[in-house]
Amino acid sequence: MSVPKCIFCVVLIPRRGFGRRHNYLRMSLTEKCNLRCQYCMPEEGVKLTPRAQLLTTSEILTLARLFIQEGVDKIRLTGGEPLIRPDVVDIIAELRKLEGLKTIAITTNGMSLAKLLPKLKDAGLDLINISLDSLVPAKFEFIVRRKGFHKVMEGIDKAIEMGYNPVKVNCVVMRGLNEDELLDFVALTEKKPLEVRFIEYMPFDGNKWNFKKMVSYQEMLDCIRQQWPNLELLQSGHTDTAKIYKVQGFKGQLGFITSMSDHFCGSCNRLRITADGNLKVCLFGNSEVSLRDVLRSGASEEELLQIIGAAVRRKKKQHAGMFSISQMKNRPMILIGG
Ligand SMILES: Nc1nc2c(ncn2[C@@H]2O[C@H](COP(=O)(O)OP(=O)(O)OP(=O)(O)O)[C@@H](O)[C@H]2O)c(=O)[nH]1
Ligand SMILES: C[S@@+](CC[C@H](N)C(=O)[O-])C[C@H]1O[C@@H](n2cnc3c(N)ncnc32)[C@H](O)[C@@H]1O
Ligand code: SF4
Ligand code: SF4
């Protein structure tokens, strides 16, 4: 049998790759953000990387090209807040020109979405996920430590109006903060074609994660089923992060991202590049490789590919379990990008 050309297509290296094919790259465009979400970063902020050590636009595009050449067909732009990068529209337009890239997606806090959406759509943005953790303005402000609830709602409505479907809404559920709003979020899917995704609270440096604050998938499901017993499990895609449900008769649907209580590592197709240029093969793995340094050393494409291939082959079968990852040293989430 010949060796596969694509280094990420690790299906033929079973004991190393665990049968996973990495076709989805998450690229962080910035470490900065206009919100300060409690679950994502410490109140005092994070130590930002000096500008000269962040990936330039040209380096981002070079890496994107390389990964696409090797089999990546979906790129999600994230951050920090990707929409505060001044050339985000240009980056999307350049990515759109790359043959082989099927999907360009973004995960955003929605603060500047309504304003930027026409340009983002023109540039070629395919999919939008928007974070929203409360439907109560004062609680929203408490969780994100900033004002802006109405701007985010405006962004969500604008995305629907401009034909994005589904618009995904990410809600990190935390006990004592917003778990009492589960049913209100579900009700939002009655008339709007949204996919509301309830995310189990995950541990990262500086976010004060604690098992007791985490609301599990099963607990959320039980709560929603009391109100809507006809909640139906739909078929999810093999590599999806979310388990998808629908209340019969509702326009939208629900997703549960169960990284803690029922991980989906077996079908993981994701790689990450941080804003400072590190390849991170697992959200909960702290071994990183600086692609920025390799690029800047003048390495050949082949050398770069070998380094990336070796990192991908070191990727573990699954994360180490919620208690182990809550003890490990990792970046704060804002410096990873989700
Ligand atoms: N454990 C784990 N969580 C992930 C992974 N990818 C995304 N998430 C989490 O899923 C939540 C939603 O992330 P998004 O940025 O919306 O991305 P996504 O779920 O991959 O989006 P889709 O492309 O729409 O499926 C965030 O809390 C992410 O941290 C992953 O590979 N592993
Ligand atoms: C780090 S943010 C970056 C993109 C953008 N600023 C936003 O908020 O959508 C990406 C996603 O990670 C999620 N996230 C952040 N911290 C998390 C945590 N501790 N547990 C689960 N999800 C988290 C956010 O809710 C968001 O949907
Ligand atoms: S979740 Fe997104 S919006 Fe909130 S602080 Fe983190 S990067 Fe910013
Ligand atoms: S925890 Fe790591 S291996 Fe598991 S799904 Fe997330 S990125 Fe993939």
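Start at 1 and go down the list; that is how both ligands and their atoms are numbered.
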Run the contact test for G79 against ligand 3 with a 4.0 Å cut-off on heavy atoms, strictly below, and give the result. no
Hey, is R76 touching ligand 1 through its side chain, its backbone, both or neither, going by heavy atoms under 4.0 Å? side chain
Judged by atom type as modelled, is there a donor-acceptor pair below 3.5 Å linking the side chain of W209 to the main-chain atoms of Y201? yes
Could you tell me whether the side chains of T258 and K243 share a donor-acceptor contact shorter than 3.5 Å? yes
Below 4.0 angstrom from a heavy atom of F264, which ligand 4 atoms are there? Numbered from 1 as shown, please. 5 (S)
Atom indices of ligand 1 within 4.0 angstrom of G338 heavy atoms, with elements: 28 (C), 29 (O)
Under-4.0 Å salt bridge between K280 and E288: yes
Please determine, by modelled atom types, if K213 and N207 share a side-chain donor-acceptor pair under 3.5 angstrom. no
Mind checking the CG-CG spacing from L231 to L221? Nearest 0.5 Å is all I need. 6.0 Å
For R270, the atoms of ligand 4 under 4.0 Å from one of its heavy atoms are 5 (S)
If you apply the rule side chain to side chain donor-acceptor pair (under 3.5 Å), what do you find for N269 with R21, and how did you get there? CA-CA 5 Å; N269 63 344; R21 184 171 168 271; over 6 Å; no
C37 contact mode with ligand 3 (heavy-atom cut-off under 4.0 Å): both
Atom 21 (O) of ligand 1 has as its nearest protein heavy atom N129 ND2, 3.2 Å
Looking only at non-hydrogen atoms, which of F204, F264, F284, Y201 approaches atom 32 (N) of ligand 1 most closely? F264
re atom 1 (N) of ligand 1, the protein heavy-atom contact at minimum distance is S259 OG, 3.2 Å
Measure from atom 14 (P) of ligand 1 to every heavy atom in Q318, R197, K74 and give the option owning the shortest one. R197
At under 4.0 Å between heavy atoms, is it the side chain or the backbone of R272 that contacts ligand 4, or both, or neither? side chain
Give the atom numbers and elements of ligand 1 that come within less than 4.0 Å of a heavy atom of T107. 14 (P), 15 (O), 16 (O)
Looking only at protein heavy atoms, what sits closest to atom 7 (C) of ligand 1 is R26 NH1, 3.6 Å
Option among Y245, F264, F185 that satisfies the ring-ring contact (aromatic ring centres under 6.0 Å, His included) test with F256: Y245
If you count the atoms of ligand 1 from 1 in the order shown, which ones are under 4.0 Å from a heavy atom of M333? 29 (O)
What protein heavy atom lies closest to atom 9 (C) of ligand 1? Include the residue and the distance to one decimal. M202 CE, 3.9 Å
Around atom 6 (Fe) of ligand 4, find the nearest protein heavy atom and jot down its residue, atom name and distance. L283 CB, 4.3 Å
Could you tell me which atoms of ligand 1, counted from 1 in the order shown, lie closer than 4.0 angstrom to a heavy atom of T241? 5 (C), 6 (N), 7 (C), 18 (P), 19 (O), 20 (O), 25 (O)
Output the list of atoms in ligand 4 that are nearer than 4.0 Å to some heavy atom of H319, sorted by atom number. 1 (S)
Give the numbers and elements of all ligand 1 atoms closer than 4.0 Å to a heavy atom of Y24. 17 (O), 18 (P), 20 (O), 21 (O), 23 (O)
Examine the side chains of N330 and D205 and answer whether a donor and an acceptor come within less than 3.5 Å of each other. no
How many angstroms lie between atom NZ of K139 and atom CD1 of I143, to the nearest 0.5 angstrom? 6.5 Å
With distance as the sole test, does N109 use its side chain to make a donor-acceptor pair with the main-chain N or O of M111 at under 3.5 Å? yes
Protein residue, atom and distance nearest to atom 31 (O) of ligand 1, heavy-atom basis: R270 NE, 2.5 Å
If you scan protein heavy atoms around atom 3 (N) of ligand 1, the nearest is L283 CD2, 3.4 Å
Distance from L125 atom CG to I91 atom CD1, nearest 0.5 Å? 12.5 Å
Find all atoms of ligand 4 within a distance of less than 4.0 Å from any non-hydrogen atom belonging to F284, and give their numbers and elements. 1 (S)
Short side-chain donor-acceptor distance under 3.5 Å, Q218 and S261: no
re atom 24 (O) of ligand 1, the protein heavy-atom contact at minimum distance is K168 NZ, 2.6 Å
For atom 10 (O) of ligand 1, which candidate among I257, I336, V172 provides the closest heavy atom? I257
Verify, without hydrogens or angle tests, whether H319 (side chain) and S259 (backbone) share a donor-acceptor contact under 3.5 angstrom. yes
For N170, which part has a heavy atom under 4.0 Å from ligand 1: side chain, backbone, both, or neither? side chain
So which heavy atom in the protein is nearest atom 4 (Fe) of ligand 4, and how far is it from that ligand atom? C265 SG, 2.3 Å
For atom 26 (C) of ligand 1, grab the closest protein heavy atom and report residue, atom and distance to one decimal in Å. I199 CD1, 4.0 Å
Has C282 got an N/O/S atom less than 2.8 Å from atom 2 (Fe) of ligand 4? yes
Basic-acidic side-chain contact under 4.0 Å: D126, K74: no
At under 4.0 Å between heavy atoms, is it the side chain or the backbone of R272 that contacts ligand 1, or both, or neither? side chain
Could you walk me through whether F204 and Y39 pass the ring-ring contact (aromatic ring centres under 6.0 Å, His included) test, one step at a time? CA-CA 8 Å; F204 294 94; Y39 50 77; 9.9 Å; no
With a sphere of 6.0 Å drawn around CD of Q235, does it hold more than 12 non-hydrogen atoms of other residues, nucleotides or ligands? no
Atom 8 (Fe) of ligand 4: nearest protein contact (heavy atom, Å): C268 SG, 2.3 Å
Verdict with reasoning, E81 to T108, per side chain to side chain donor-acceptor pair (under 3.5 Å): CA-CA 6 Å; E81 173 47 40; T108 169; 2.8 Å; yes
